[in-house]
Novice: 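Dropping a structure here in structure tokens format, bear with me for questions.
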Amino acid sequence: MIEKPKGTNDYIYPESQIRKQVINQILSFLEKFGYEPIETPIFENVELFKRSAGISSDIVAKEMYEFLDKKGRQLALRPEITAPVVRAIIQNNLINQPIIKLYYFGNIFRYEKPQKDRYRQATQFGIEFFGIDKPIADFETILIAYNIYKTIFNLEIEIHINSIGCKDCRPKYKNKIYGYFINFKDKLCSDCQRRLEENPLRILDCKNTTCKEISQDSPKSSEHLCLNCKEHFSKLSEILNSQNIPIIQNSLLVRGLDYYNRTVFEVKHNNIDLAGGGRYDYLVNHISQGKYDIPAVGFAGGLERLTNLLKEKKYINKLLEEKFKINIVSLSEKADKIISNIYSKIIDKIIKKNQNIEIHLTKFDNLSKALKTANKLKINYFIFIGEEELKNDEITIKNMETGKQEKIKIENTISKILQIIQNN
RNA sequence: GUGGGUGUAGCUGAGCGGUUAGAGCAGUGGACUGUGGAUCCACGGGUCGGGGGUUCAAGUCCCCUCACCCACCCCA
């Protein structure tokens, strides 16, 4: 037996149905804000990720699925989707538009040790908003992320938010942090001793008790922002507060991708990170190698974390409401043609009227079995022709809930069925 | 990548050195051959995750391996 690769999943009913409905709700919601869909390849040149998400991030440095194709091109399965979107808007000359609002939905791949909520092939949705560097764009992005979880799925969430500064103030802050932690080097955990040299900001994120205590008195990013960054962040906070978006200012929040600047945020439920994002004003410049310079902000959310959570919350029952089901059954070889004809006509009408019903065509030798099967399928109306009906050119229609049934002439079947559908 | 736990029928669980691996649910057939859901009866289904070892004897003990789960790490 060949089994699926580690960290991957098959999604079968009912989970496949839940996923479909959850993602449909999210995507149609995003379109209300004027976002348009974009699709990019699931593999790209390795360089795209190394130069954007950053060589110092674990995602790129340790977790990428890299491979050579038959001509020796260095490729990678995408570990995130922001860099590909940026690449795509540059390559397709969308860059001249004053603002660009895009959303995506697709798989990402990370070579990690799998657990619940964490798979090697995962599904992300997200938005990217290009063209506005003002806090109002950050606000819109956070508002959308908030409403996806709060309004659509009714989840209690926290928005953690921070500003990590810009290319002017961030290096200075980094130096301060380094200068602070170097004094405690021996007390830091082994990971943090390594981080101190690679990216000292990450120490702020450490869960080790000693490191946490040391971090308490470290220089706070909010106190080391330049005036512009400080103003940007305080304006954003003001707007969010005025709209009663429950934010938690978390000066220890540092995100794992190198391209962020200024605003970074995470959407959390209990301790689960549902989504993360922020501003990346230099990424377009970076990927276009200095040709274009466009500010941007966005976020990405994980579909699996959301659906796993919804399963626990029993929200899914709502998503799996039964459709109205009709079963058309032949009980005799001689009835097959008539039944098939009725079936195809009904299907034709349903398609034209866009009715939300489910229709099953079955064939049994014995009525008892046919009914048992219909029962398992949770059929609402059971319609059949057997020897008895054939004698008088009739068809029997049975309501499975009440058990009531009636015989009608075959030629009246379609209009009767349509009438039943209409009434339900 | 580090540490820990789990893996027995389609699903959920017993069994923890000793007959032919046991149960509930699900499935199939029948009681009931043109009327379902209920009940009763019968039946089918297992390389006990995989490989190796210890032993007269291994689902049970040991080693390796694979997968899943948990805590780190990291992150969606």
Side-chain angles (χ1 to χ4, degrees), chain A residues 1-9 12 26 53 56-64 78-82 104-126 145 148-149 189-192 194-195 199 202 205-209 211 253-257 264-269 271-277 298-309 327 329 331-332 335 364-391 396-405 407:
Chain A
M1 174 64 193
I2 299 170
E3 292 174 344
K4 65 186 169 61
K6 184 170 181 163
T8 62
N9 287 301
I12 57 174
I26 293 169
S56 78
S57 79
D58 282 5
I59 292 172
V60 170
K62 300 185 200 163
E63 298 175 356
M64 255 200 318
R78 61 185 182 193
E80 61 102 35
I81 306 187
T82 296
Y104 59 78
F105 150 63
N107 291 120
I108 58 152
F109 303 86
R110 294 180 189 173
Y111 191 88
E112 296 183 282
K113 190 165 172 179
Q115 330 177 350
K116 189 175 199 164
D117 283 344
R118 184 215 204 117
Y119 308 104
R120 291 185 171 181
Q121 175 174 325
T123 312
Q124 283 191 348
F125 56 86
I148 285 173
Y149 296 98
C189 70
S190 57
D191 277 331
C192 283
R194 176 177 51 83
R195 288 181 184 124
N199 188 353
R202 288 287 185 76
D205 231 4
C206 187
K207 273 85 185 171
N208 179 295
T209 342
C211 299
L253 176 61
V254 184
R255 305 223 68 245
L257 301 163
V264 291
F265 70 95
E266 287 178 352
V267 179
K268 289 170 176 275
H269 173 87
N271 249 335
I272 305 164
D273 287 2
L274 291 169
F299 82 90
L303 182 61
E304 288 75 23
R305 287 181 183 190
L306 177 55
T307 52
N308 281 344
L309 191 57
N327 189 193
V329 190
L331 292 178
S332 158
F364 287 93
D365 298 330
N366 140 353
L367 181 58
S368 184
K369 273 185 203 168
L371 278 165
K372 275 185 186 167
T373 306
N375 210 38
K376 274 168 199 152
L377 291 170
K378 295 181 178 156
I379 297 295
N380 299 89
Y381 275 84
F382 182 86
I383 297 160
F384 67 99
I385 301 179
E387 297 293 340
E388 209 175 297
E389 285 76 12
L390 281 170
K391 284 180 207 160
T396 301
I397 298 185
K398 182 183 179 70
N399 180 328
M400 292 295 282
E401 284 156 59
T402 64
K404 283 182 186 164
Q405 65 184 57
K407 282 194 170 66

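Fair warning: this is a prediction, and the values are worked out from it, not measured in the lab. Numbers restart at 1 for each chain; the letters A, B, ... are given by sequence-line order, proteins then strands.
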Novice: Choose from B:C73, B:G36, B:A67 the nucleotide whose nearest atom is closest to any side-chain atom of A:Gln115.
Specialist: B:C73
Novice: If the C1' atom of B:A21 is compared with that of B:A14, how far apart are they to the nearest Å?
Specialist: 10 Å
Novice: Using heavy atoms to find the nearest nucleotide of RNA chain B for A:Arg110 and A:Thr8 separately, return the residue whose nucleotide is more 5′.
Specialist: A:Thr8
Novice: Please list, for nucleotides 30-34 of chain B, all pairs of protein and nucleotide N/O atoms separated by less than 3.5 Å.
Specialist:
| from | atom 1 | to | atom 2 | distance (Å) |
| --- | --- | --- | --- | --- |
| B:G34 | O6 | A:Glu387 | N | 2.8 |
| B:G34 | O6 | A:Glu388 | N | 2.5 |
| B:G34 | O6 | A:Glu389 | OE1 | 3.3 |
| B:G34 | N1 | A:Glu389 | OE1 | 2.8 |
| B:G34 | N1 | A:Glu389 | OE2 | 3.3 |
| B:G34 | N2 | A:Glu389 | OE2 | 2.8 |

Novice: I need the CG-P distance between A:Asn327 and B:U35, as an integer number of Å.
Specialist: 18 Å
Novice: To the nearest Å, how far apart are A:Asn380 CG and B:G36 P?
Specialist: 19 Å
Novice: Where each pair must be Watson-Crick or G-U wobble with both distances under 3.5 Å, what dot-bracket representation of RNA chain B is obtained, with crossing pairs in [ ] and other-strand partners as |?
Specialist: ((((((((.[[[..)..(....]]].(((((.......))))).....[[[[[..)....]]]]])))))))....
Novice: Go through the N and O atoms of the side chain of A:Arg305 and the base of B:C75, and report whether any donor-acceptor pair is under 3.5 Å.
Specialist: yes
Novice: Specify the residue among A:Leu303 and A:Gly7 whose closest nucleotide of RNA chain B lies further upstream toward the 5′ end.
Specialist: A:Gly7
Novice: Side chain of A:Lys113, heavy atoms from C-beta onward: which of B:C68, B:G3, B:G36 has the nearest atom to it?
Specialist: B:G3
Novice: Base of B:G10 relative to its sugar, syn (within 90° of 0) or anti?
Specialist: anti
Novice: Will you find, in the side chains of A:Thr396 and A:Glu389, an N or O donor that is under 3.5 Å from an N or O acceptor?
Specialist: yes
Novice: Check every strand shown and say whether A:Gly403 touches a base, only sugar-phosphate, or nothing at a heavy-atom separation below 4.0 Å.
Specialist: base
Novice: Is there a side-chain polar atom (N or O) of A:Lys376 under 4.0 Å from OP1 or OP2 of B:U28?
Specialist: yes
Novice: Please list, for nucleotides 38-49 of chain B, all pairs of protein and nucleotide N/O atoms separated by less than 3.5 Å.
Specialist:
none

Novice: If only side-chain N and O atoms count, and only distance matters, is there a donor-acceptor pair under 3.5 Å linking A:Asn399 with A:Tyr381?
Specialist: yes
